[in-house]
Amino acid sequence: MGNRLTAPAWAVREYGKWRKRRRAWLAAFICTVAAVLICAPLLMIPGGSLMDNAEMKRMLSPILGEGKGFAVWHLIPLYPTISHFYRLLIESPAFYRLFWNTVGMTAAILLGQLAVGLPSAWAFAAFRFRGRNFLFGLYVVLMLLPFQVMLLPQYIVLQKLGLYNHPAAVILPAVFSTFPVFIMYRGFTRIDTEILEAARLDGAGEWQIYFYIGLPLGKMGIQAAMVLSFLEYWNLVEQPMAFLEEQAKWPLSLYLPQITIGQAGFAFAVAVMVLIPALFVFALGQDALEEGIAYIGVKT
């Protein structure tokens, strides 16, 4: 067989462990760099909301003003101030009007999605009927269409219904969104069909199965859909800008349509106030959100 040398078994095992650790370190490094790049704009917001106008102008004038050179940024302001928050919370009544516009729109959308999307998702998951696959495939296609594609058809329909420049112009299309149906459907499909069949054999009606089995066992998918919908519609921009002409009816996401060098600090303060509810909902629904992301990859 010749004088061929082979490495000891322990050396092979150690080399394999080293390769796995190296891949893990490389993956961790890449994820860390990506996370820093993604979170960098968010890290700028708290410091920017506490900077005075002079410091803000000195740093951002190459971008928002007529200055030359490169913009710089300090995560911690040199001369912190709360003047932007005072102006926003004390001297800007329009902020509160648009804030409650956002709360009303988002609440109406979420309640409407529960009323419309929950039965639809349960029907797709619990029943087998003619045209089910085609109809669900149509749902998926509609989910993938961007707003720009649906802008003109929605505008025409809303004009015909007399809903243009009314909050319902934003609420109704969102209520019939297909994405929450898709997420809730994925959650319902994780329920064992044998449980449903056993309930039917025991004489339970379909509504009883829906309320006492479907909703409790599919609650994680429902919560995930609601969290994702809240994060999307709390920050809605395109639909209100397209369908609402009066600024008094706008949501908070359109509070500052034009940001100048003199309003940059004020805009950061607005961003902080907009972020607080979103971060609060995200913290409460983080587990459900992770489950919802997992549901997207579940194969049916």
Side-chain angles (χ1 to χ4, degrees), residues 41-57 60 64 77 79-115 147 154 158 162-175 177 180 223 225-286 289:
L42 293 177
L43 297 176
M44 295 172 60
I45 293 175
S49 65
L50 298 174
M51 287 185 186
D52 61 12
N53 289 330
E55 185 177 1
M56 186 75 66
K57 184 176 181 180
L60 296 184
L64 299 178
Y79 308 100
T81 177
I82 60 170
S83 60
H84 303 305
F85 288 101
Y86 181 85
R87 175 187 169 192
L88 176 66
L89 299 177
I90 305 300
E91 300 178 350
S92 303
F95 167 80
Y96 294 98
R97 181 172 65 247
L98 270 62
F99 175 83
W100 288 113
N101 287 348
T102 305
V103 171
M105 287 183 187
T106 306
I109 290 171
L110 296 183
L111 292 175
Q113 289 182 347
L114 285 175
F147 171 71
Q154 288 185 9
L158 293 172
L163 297 177
Y164 182 74
N165 197 32
H166 190 278
V170 177
I171 295 171
L172 285 180
V175 164
S177 173
Q223 293 175 7
M226 293 298 97
V227 171
L228 290 171
S229 291
F230 178 88
L231 296 177
E232 177 181 359
Y233 294 110
W234 181 260
N235 302 295
L236 206 59
V237 173
E238 294 176 323
Q239 289 86 339
M241 188 176 294
F243 300 141
L244 298 178
E245 288 185 351
E246 298 180 28
Q247 294 186 9
K249 299 178 181 179
W250 281 3
L252 195 57
S253 54
L254 298 181
Y255 183 59
L256 285 177
Q258 294 181 350
I259 299 176
T260 62
I261 189 64
Q263 283 189 304
F266 185 67
F268 278 116
V270 174
V272 169
M273 300 306 297
V274 173
L275 273 175
I276 290 175
L279 292 176
F280 179 73
V281 171
F282 176 80
L284 290 179
Q286 184 176 3
L289 186 60

For the side chain of [X] and the backbone of [Y], is there at least one donor-acceptor N/O pair under 3.5 Å apart?
X	Y	value
Trp250	Leu244	yes
Tyr96	Leu89	yes
Asn101	Ala248	yes

Check [X] against [Y] and note the closest heavy-atom contact, atom names and distance.
X	Y	value
Phe99	Leu252	CD1-CD2, 3.9 Å
Tyr233	Ala174	CE2-CB, 3.4 Å
Pro251	Leu236	CG-O, 4.1 Å
Ala108	Val175	O-CG2, 4.1 Å
Leu163	Ala168	CD2-CB, 4.2 Å

Salt bridge (Lys or Arg N to Asp or Glu O under 4.0 Å) contacts in which one or both residues fall within residues 87-106, not counting sequence neighbours = none

What pairs meet the salt bridge (Lys or Arg N to Asp or Glu O under 4.0 Å) rule with one or both residues in residues 238-253, with sequence neighbours excluded?
-> Glu246-Lys249

List in chain and number order the residues that pass side-chain hydrogen bond (donor to acceptor under 3.5 Å, both in side chains) with Ser83, two or more places apart in sequence or in another chain; answer none if no residue qualifies.
-> Thr81

Has Leu279 got more than 12 heavy atoms of other residues, nucleotides or ligands less than 6.0 Å from its CG?
-> yes

For atom CZ of Phe147, is the number of surrounding heavy atoms from other residues, nucleotides or ligands below 6.0 Å larger than 12?
-> yes

Can you label the angle between the Tyr255 ring and the Phe266 ring as parallel, tilted or perpendicular, going by 30° and 60°?
-> tilted

